[in-house]
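All heavy atoms count here, side chains included; hydrogens, waters and symmetry mates do not.
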Amino acid sequence: MRIMALDIGETRVGVAVSDPGERVASPVVVLPSAEVLSCAKPFQRVLEDWEPELLLCGLPYTMAGAEGPQAVRIRAAAKTISDACGIPHEFVDERLSSQEAKRSLREKGLNERAMRGKIDMIAASLFLQAWLDARREAW
């Protein structure tokens, strides 16, 4: 089954996908949030290209393990996206994924400006990979 991860932000949504064997997560694209929320053509094309069977949405948690202040907005957005495209969704802890994505991009020599369009899809691939690894370990 192919899983599509969504790092839902107020401005952008980072998209990553798993391979059909659920072993490897790969970053795909960053799209404007409005296009994803309305299931506009660019997002529809991504869905058609990858044919995911599950949307894995990152949910922000605090370091103490409670849902962060953005969680209500993310839950509502995920339901809107899921309903609009007819694909079920689940949530996963995305804590520190954006910071890890920034660190990784800095190591590759990118500055803040060059990182801007990449952080969200890298973050999505990081929390998707962690989720895939945890599921594999649980088997």
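D19 contributes a side-chain N or O that, together with a main-chain N or O of V24, makes up a donor-acceptor pair within less than 3.5 Å. In this structure a side-chain-to-backbone donor-acceptor pair under 3.5 Å is present from T80 to A76. Using a distance-only test at 3.5 Å, with no hydrogens or angles considered, no donor-acceptor pair links the side chain of S125 to the main chain of A25. Panel note: side chain R2, backbone W50; a donor-acceptor pair is recorded below 3.5 Å. In this structure, the side chain of E22 does not engage the main chain of I3 through any donor-acceptor pair within 3.5 Å.
Heavy atoms only, all atoms of each residue included: H89 and K79 are closest at CE1-CA, 4.0 Å. The two residues P60 and I74 come nearest to each other via the heavy atoms CD-CG1, 3.9 Å. Listed here is the closest heavy atom pair of G9 and S33: O-OG, 2.6 Å. Listed here is the closest heavy atom pair of C85 and L47: CB-CD1, 3.6 Å. When all heavy atoms are compared, the tightest approach of L55 to I81 is CD1-CG2, 3.9 Å. Counting all heavy atoms, side chain and backbone alike, S18 lies closest to L128 at N-CD2, 3.6 Å.
Following chains of ILVMFWY side-chain contacts shorter than 4.5 Å, one cannot reach V29 starting from L54, and the two form parts of different hydrophobic clusters. Cluster annotation: F91 and V36 are assigned to the same hydrophobic cluster (Ile/Leu/Val/Met/Phe/Trp/Tyr, side-chain heavy-atom contacts under 4.5 Å, transitive). V17 and V13 fall within a single hydrophobic cluster, where Ile, Leu, Val, Met, Phe, Trp and Tyr side chains are chained together by heavy-atom contacts under 4.5 Å.
The shortest side-chain heavy-atom distance between V46 and L31 falls under the 4.5 Å cut-off. Side-chain contact between Q70 and L59 is absent, with no heavy atoms from C-beta onward closer than 4.5 Å. When side chains are defined from C-beta on, V72 does not count as touching R75, because their heavy atoms never get closer than 4.5 Å. Inter-residue side-chain proximity for L6 and V15 is flagged as met; some heavy-atom pair is nearer than 4.5 Å. When side chains are defined from C-beta on, P52 counts as touching I87, because their heavy atoms get closer than 4.5 Å. Annotation: side chain of V92 is not in contact with side chain of C57 (no heavy-atom distance under 4.5 Å). The shortest distance between side-chain heavy atoms of M121 and R12 does not fall below 4.5 Å. Contact check for M4 versus L56: no side-chain heavy atoms found under the 4.5 Å cut-off.
Evaluation of the salt bridge (charged side-chain N to carboxylate O under 4.0 Å, His left out) rule for R23 yields no partner, not counting sequence neighbours.
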Begin from the C-alpha positions of E90 and W131 and carry the test side-chain contact (heavy atoms from CB on, under 4.5 Å) through to its verdict. CA-CA 11 Å; E90 289 183 21; W131 185 83; 3.7 Å; yes
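To the nearest 0.5 Å, the span separating CD on E94 from CZ on F127 amounts to 5.5 Å. One finds the CD1 atom of I8 at 12.0 Å from the CD atom of E10 (value rounded to the nearest 0.5 Å).
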